[in-house]
Amino acid sequence: MPHDLPKAYDPTAIEDHWAEYWVRENLFAQPTPKADDPHRGEPFTILLPPPNVTGRLHMGHMLNQTEMDILTRWRRMSGRRALWVPGTDHAGIATQMMVERQLAEEGTSRQQLGRKAFEERVWAWKRHYGGAILDQMKRLGVSVDWSREYFTMDEHLSVAVREAFVRLYEQGLIYRGAYIVNWCPRCQTAISDLEVVHDEHKGHLWEIRYPVISPAGGSSSDQFITVATTRPETMLGDTAVAIHPEDERYKHLHGKKLRLPLMNREIPIILDEWVSREFGTGAVKVTPAHDPNDFALGQRHHLSSINVMDETAHINAEGGPYAGLDRFVARKKIVADLEEQGLLAGIKDHVHNVGHCDRCKTVVEPRLSAQWFLAVNKEPEGGGPSIAAKAIAAVKEEKIRFTPEMYKKTYLNWMENIYDWCISRQLWWGHRIPAWHCAVCRKITVARVDPTHCAHCNSEQITQETDVLDTWFSSGLLPVSVFNWPNLSGAPGLPPRREIWDSKADRADFDAFYPTSLLVTGFDILFFWVARMIMLGCWFASDVPMPDGSPRSLADSVPFREVYIHALVRDANREKMSKTKGNVIDPIEIVKQYGTDAVRFTLASMASPGTDIAFNVARTEGYRAFANKIWNAARFIFMNVDKAAEAGIFPHRELLRGMPATDEDAPLEAQWIVSELWATAARVNQSLEQYRFDDAANAIYQFIWGSFCDWYLEITKLRLEFGEETNKAAATRDLTVLVQVFEASLRLLSPFMPFLTEELWHAVYDGKPPAKSIALAKYPFEDESMIDANAVGAMEVVQELITGVRALRKEIGVEEKATVPIEVRTDATSRKIAEKNRDIIERLARVSEVLFTDQITVGLSKHSTPAFDVAVLYERKIDVEAEREKKTKEIAKQEQLIANADRQLSNSAFLAKAPPHIVAGLKKQRDEAQRLLDKLRDDLDSLSG
RNA sequence: GGGCGGUUAGCUCAGUUGGUUAGAGCGCCUGCCUUACAAGCAGGAAGUCGGGGGUUCGAGUCCCUCACUGCCCA
């Protein structure tokens, strides 16, 4: 690759190319290990939380994927056998809604199409639009194994779903029954508790009089019992009124009956301790078909359940005169009618929580219907812990570790209070429940292979259940199903997923990659998905023997060993991004503007565990500048490499791939930057180990900009003069360190900024790199013994001297370009360092001459540190007043410091109890402050004089 | 109602088992087109660590309390 890079970094010019290259070259494919495979490192397995096929990439995805990509690239480069599996979710309701909307625009509906045609239509939609989000991911350069891409309704995943369902059914853990479920009248399906979002809502509490039937029977007496309700329309389905048995107010009514207003139905008064005497009137109407508590009451008291609404929440035939009305229309009419009949005792304002459908925000109607449930707290047939018990144990016993740790509590709290999971949905898009109803004996046949006869009466009059499974049932199985469970022994009937497989190897993936190493996701799907994977993963994996045939422990049954929960991406004002607010940042747009690398770096540098990210493009601008900085550092380096080549000097390229080291002859800046590189590598590795993306990113940023560019590159300009009298050996050595450190820095940065580093890395190798991609090169590792404290200490002296001179120059108004002589007074050690590195000081501080002295010339403005005094020989043009003020302020600060130190040092308790190094440190600090204070006082005196 | 977080510079955030003078980026002020980079360089200003109390030789860090704020569950 030619070294003539454009002056400004243009991400768009290179990113598409590399994104396409990584996919085309299949660089991140992790093939199924063969038995005779050479050892390829400990696996690092991670599943992509599958986006909905209907999805478009949003900032949350980008954060999630950036974090996973950083970790995966880092682990891969560090020698792990990294596998990242991508895929998409069929997303039952979301996708069905999308296609239904399309149909509506065409003036038709799924009902008109019929089930089969509708399913075809959704598949067609999926084929056409379903890959959009994956294409966006490809553009982001995520290092997934595209050869393993799945869709949750792929054949082999459907087999897993079916096997799981059948097995759970056989274990007595799946049952069907009529229960109160959350019903969405718009989606016309049951939804799980998790899919209901509660909103505070200002409503009313209506008090209704139910007439007591007189002992004589027949017409009502003038006695009433008053009940309160927020949903008066449900009274059409009332089958009782309940009171507390000890409630004195109603003792005289025990055993009496009531006449249900409007419906003229006789209903009993029942006694139940569940009733709260304090709430409302202490009497509650009981509608078993439309309220979960009432349903429980109904069960206890053998009441009938009258469902008064249809699936669209219109009153049905059971609602008598109100039949056909929408529930809210019926509510108004019922209230009006009651009022007319004098049965409305009152209306009170009432704030209560109303459940809405997570998907379409329609008010959810609790409704009695026949659904399928997974019994999570029940022992399976044959005994053993329940599904929830296993899922609790896995986390309690730390077989799964959460970061941040607090989510462990959240998870356990939820899992310990979990109810049975309603897994059926009245949709057409999804995994159809493998159960058949017999028209003859009414029993259910559940089977792995579509049956032709009823398993109970052998009748042929069987029809398949029309419901499909909750989407999360299939995604909850992914950790096992993507590795070919349950087809682990080459069972017939299942085609191999990929050509490189043979039937004997069917379980090779599972053996190699299960449990996965890590799950990275947002807390919003902690219960929906994470918890379900733990439940189902532990449940089914524990039945899979280990490769050696031994039973699998809980520790090896978990779907993942670690969970990293990331934050929410908000807008710059910390507001949640939402379409209605119009503050949504489209990652693709922002990527176009600033480059993928800059956006990734922004997210990484702000991804401190547990803190939401307020995404601010100002940060991204800064990281685009960072990319540009690196780009230009590369231009500078290449320019010099070319210049050196003309003089017949070439860096030792064979030394490039490892970690640089220097010998004692090397110049200070070389020893120092190499030491800093090792220190940074150590810090980055440690930070990533703890998911501290922010720490890792900041460490690299500081190293590359603050150390490498600002200091090292500036100093190397001294060494990069290639002429006749150049010492070739020294020049070669220095040039080698320069290229070496840069090359290693690119590798260090690569997981964070894969595009830029890929481009420059290829350029470093002149287009002939030792691997197809920097992502396959070795990650800088840590070896703290390589950190050179002497070099760091010496460099610090040089830096402080330079910084001191620069500040002084500014203070006394030396023009930028002018070079000036300086006086330095210091101890022997520092003097030796300064003398040896005189050329560095002269160049970086624009100094013409360094004069060492025992006493700074009187009258010069000087800069003092505990270690040295430095002064610039220049006609001073200083503002005496400002200078005096500054010194006074500094003196006060040092005095305060000394006072504080003295107070502590005279405290015998401190001396006795504080560790010695703290005491020694404080003494040293006090002495230094004292020395500085003396100097400052002298300065102030001379200013006055 | 139950539970879990957060409050540190103008803004967005770091700050490890309590330990020597609390950091970064952006923004702000001053001066520089110093031959890699003005998307740059150099210098600088800026914080009673939400209030109060306590533990400790020592608290941004631990405990209590109040205030404000966010989220989850019911």
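Below, chain A is the first sequence line, B the second, and so on; all start at residue 1.
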**Request:** Could you please spell out the steps behind the ring-ring contact (aromatic ring centres under 6.0 Å, His included) verdict for A:Phe636 and A:Phe742?
**Result:** CA-CA 11 Å; A:Phe636 172 78; A:Phe742 184 65; over 10 Å; no
**Request:** Searching all strands shown, indicate the nucleotide that pairs with B:U12 (Watson-Crick or G-U wobble; both distances under 3.5 Å).
**Result:** B:A24
**Prompt:** Which whole-number value in Å describes the distance from A:Asn293 CG to B:A74 C1'?
**Reply:** 12 Å
**Prompt:** Which word best sums up how the rings of A:Phe402 and A:Tyr411 line up, parallel for under 30°, tilted for 30 to 60°, or perpendicular for over 60°?
**Reply:** tilted
**Asked** Which nucleotide in the list B:A36, B:G43, B:G19 gets nearest to the side chain of A:Ala914?
**Response** B:G19
**Item:** Options B:C4, B:C26, B:C33, nucleotide nearest the side-chain atoms of A:Lys817
**Value:** B:C33
**Fill in**
Using Watson-Crick geometry (N1-N3 plus N6-O4 or O6-N4) or G-U wobble (N1-O2, O6-N3), each under 3.5 Å, B:C62 is paired with B:G54
**Item:** A:Trp705 vs B:C41: side-chain N/O to OP1/OP2 distance below 4.0 Å
**Value:** yes
**Request:** Nearest whole angstrom, please: distance from the P of B:A42 to the NE2 of A:His863.
**Result:** 16 Å
**Message:** Nearest to the A:Lys810 side chain among B:U30, B:C72, B:U21, which nucleotide is it?
**Reply:** B:U30
**Request:** State which of B:C26, B:A42, B:G19 makes the closest approach to the side chain of A:Arg806.
**Result:** B:A42
**Message:** Both distances below 3.5 Å, Watson-Crick or wobble geometry, any strand: find the nucleotide opposite B:C32.
**Reply:** B:G40
**Nucleotide nearest A:Lys409 (side chain, heavy atoms from C-beta), chosen from B:A39, B:G5, B:C32** = B:G5
**Phosphate contact (B:G15 OP1 or OP2) by A:Arg692 side-chain N/O below 4.0 Å** = yes
**Message:** I'd like to check A:Thr596 versus A:Met62 (side-chain heavy atoms, cut-off strictly below 4.5 Å). Are they in contact?
**Reply:** yes
**Asked** Given atom CD1 of A:Ile802 and atom C1' of B:G43, what is their separation to the nearest angstrom?
**Response** 15 Å
**Message:** Can you measure A:Ile637 atom CD1 to B:C37 atom P for me and round it to whole angstrom units?
**Reply:** 14 Å
**Asked** Does B:U17 have a Watson-Crick or wobble partner in any strand here, with both distances under 3.5 angstrom, and which is it?
**Response** none
**Prompt:** Across all strands, who's sitting opposite B:G5 as a Watson-Crick or G-U wobble pair, both distances under 3.5 Å?
**Reply:** B:U69
**Item:** Side chain of A:Gln925 (C-beta onward), nearest among B:U21, B:G25, B:G5
**Value:** B:U21
**Request:** State which of B:C37, B:U12, B:G43 makes the closest approach to the side chain of A:Asn632.
**Result:** B:C37
**Request:** Please determine if A:Arg624 and A:Asp10 form a salt bridge, counting it only when a charged side-chain N lies under 4.0 Å from a carboxylate O.
**Result:** no
**Complete:** With the side chain defined as heavy atoms from C-beta on, A:Ala8 is closest, among B:A39, B:C37, B:G25, to B:A39
**Asked** Think A:Lys717 has a side-chain N or O under 4.0 angstrom from the OP1 or OP2 of B:U34?
**Response** no
**Request:** Let me know the distance between CG of A:Leu933 and P of B:U21, rounded to the nearest Å.
**Result:** 16 Å
**Asked** What nucleotide among B:C72, B:U34, B:G43 has an atom nearest to a side-chain atom of A:Phe527?
**Response** B:C72
**Asked** Between A:Phe636 (CZ) and B:C37 (C1'), how many Å, whole number?
**Response** 11 Å
**Request:** For the side chain of A:Leu922, starting at C-beta, report the closest nucleotide among B:U21, B:U34, B:A39.
**Result:** B:U21
**Item:** Heavy-atom closest contact (A:Val870 atom, A:Leu801 atom, distance)
**Value:** CB-CD1, 4.3 Å
**Item:** Carboxylate-amine/guanidinium contact A:Arg683 A:Glu782, below 4.0 Å
**Value:** no
**Prompt:** If the C1' atom of B:G58 is compared with that of B:C4, how far apart are they to the nearest Å?
**Reply:** 31 Å
